[in-house]
Amino acid sequence: MVSGTERKYYMLGGKGGVGKTSCAASLAVKFANNGHPTLVVSTDPAHSLSDSFAQDLAGGTLVPVEGPYSPLFALELNPEKAKEEFRSATQISGGSGIKDFMDGMGLGVLAEQLGELKLGELLDTPPPGLDETIAISKVMQFLESQEYNMFTRIVFDTAPTGHTLRLLSLPDFLDKSIGKILKLRQKIASASSAIKSVFGQEGTPKPDATDKLEQLRERMIKVRELFRDTTSTEFIIVTIPTVMAISESSRLCASLKMEDVPVKRLIANQILPPSTSDCKFCAMKRKDQSRALDMIQNDPELSSLMLIQAPLVDVEIRGVPALQFLGDIVWK
Ligand SMILES: Nc1ncnc2c1ncn2[C@@H]1O[C@H](COP(=O)(O)OP(=O)(O)OP(=O)(O)O)[C@@H](O)[C@H]1O
């Protein structure tokens, strides 16, 4: 994972509470300690990266993390802000959406006829996973800038499973939806210029709104391509050794493969370390864990992945030294 200097992206995902953030942060520290200028990104509104690094990383900009050998920056993106950006990109002339705009121009009937896309739904109730998608596309904007093109490793601490799955298919959904909005705008623009020439009415979509939509659409296409790029991207599933978590990881793995997202590694985290004196509770726990680990070996999806077993450690994984300690165990 540390070899080569071409830019690589690692996305860590899995069920809530399994250790995604700890594993992502420890991987980022590992990369930075092996000479890679590294960026670690989280779209988790709970600011779990700040907790992991025991440093305030909030604010939506890149914050340097002290300690590792090479530059390590962290970015906690606020999904709400990302969603607002989407809304403003599709907002027109102050109205709440294209419908208001059309009504405002006495074209409400035309809107009904043209209504190819349930625009209100897209604008008023953005689809789940939208914020992660836009947050990831914002990261790509950062990375395209001169200032931040030095990073050779990018680690994403993604949202819990459900969102991530929707996130993966979302760029396609957005690409099509934005395409329809742009086509609809085109029709409005030609319809309004026709009206303008007859009635001299003012009011056409602000050109910058269309530009913003075009930019957003291009970014969505880039996010979708990033997810599927087997040379530069890898999705790592993090789980814990319980039957429920393993079953959910199997579903996640199947969905990722269906979306052509490269998955090679599975981390089974928080495994009870070997012990000679097991109390009744630990003996039961260990039995459950070994049953769950056997499930992995027999699972059609998970058995083909490289299994990394990470022990439950007796220290709180907070701060760069603890993350380095976990990283030395997990990312051998
Ligand atoms: N191998 C481990 N040994 C001991 N504690 C661990 C281990 N991995 C994670 N933890 C602890 O478990 C808790 C949850 O870890 P973390 O926040 O990384 O999980 P997460 O999957 O990112 O959670 P969320 O879905 O809430 O973001 C944290 O207190 C973390 O320190």
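Atoms within a ligand are numbered from 1 in the order they appear, just like the ligands themselves. Count residues from 1 along the sequence.
- A 4.5 Å side-chain heavy-atom check between Met1 and Leu27 finds at least one atom pair inside the cut-off.
- Residue Gly16 approaches ligand 1 through these ligand atoms, each under 4.0 Å from one of its heavy atoms: 25 (O).
- With a heavy-atom cut-off of 4.0 Å, Cys23 does not touch ligand 1 at all.
- Ligand 1 lies within reach of Gly17, whose nearest heavy atom is under 4.0 Å from it.
- No option in Phe235, Trp331, Phe31 other than Phe31 meets the ring pair (Phe, Tyr, Trp, His ring centres under 6.0 Å) test with Tyr10.
- Heavy-atom separations between Ala24 and ligand 1 are all 4.0 Å or longer.
- Under 4.0 angstrom from ligand 1, the non-hydrogen atoms of Glu316 all belong to its side chain.
- Judged purely by distance below 3.5 Å, without hydrogens or angles, the side chains of His36 and Ser70 never pair a donor atom with an acceptor atom.
- Residue Leu312 approaches ligand 1 through these ligand atoms, each under 4.0 Å from one of its heavy atoms: 3 (N), 4 (C).
- Leu62 is listed as a side-chain neighbour of Phe151, based on a closest heavy-atom distance under 4.5 Å.
- Between Gly19 and ligand 1, a contact under 3.5 Å exists for at least one N or O pair.
- Residues Ala25 and Leu49 share a closest heavy-atom pair of CB-CD2, 4.4 Å.
- The aromatic rings of Phe156 and Tyr9 sit parallel, their planes meeting at an angle under 30°, below the 60° perpendicular limit.
- Within the 4.0 Å heavy-atom criterion, both parts of Ser22, backbone and side chain, lie near ligand 1.
- If you number the atoms of ligand 1 from 1 as listed, the ones under 4.0 Å from a heavy atom of Thr21 come out as 18 (O), 20 (P), 22 (O), 27 (O).
- With Glu76 as the fixed residue, the side chain to side chain donor-acceptor pair (under 3.5 Å) test singles out one of Ser48, Ser50, Ser42: Ser50.
- Considering backbone and side-chain N/O atoms, Val18 comes within less than 3.5 Å of an N/O atom of ligand 1.
- Between Asp288 and Arg291 there is a salt bridge, with a side-chain nitrogen of the basic residue lying less than 4.0 Å from a carboxylate oxygen of the acidic one.
- Of the candidates Val313, Ile329, Leu323, Val313 brings a heavy atom nearest to atom 4 (C) of ligand 1.
- Electrostatic pairing of Arg265 and Glu234 counts as a salt bridge here, judged by a charged N lying under 4.0 Å from a carboxylate O.
- Annotation for ligand 1: atoms under 4.0 Å from non-hydrogen atoms of Lys20 are 18 (O), 19 (O), 20 (P), 21 (O), 22 (O), 24 (P), 25 (O).
- When non-hydrogen atoms are compared, ligand 1 lies under 4.0 Å from neither the backbone nor the side chain of Val238.
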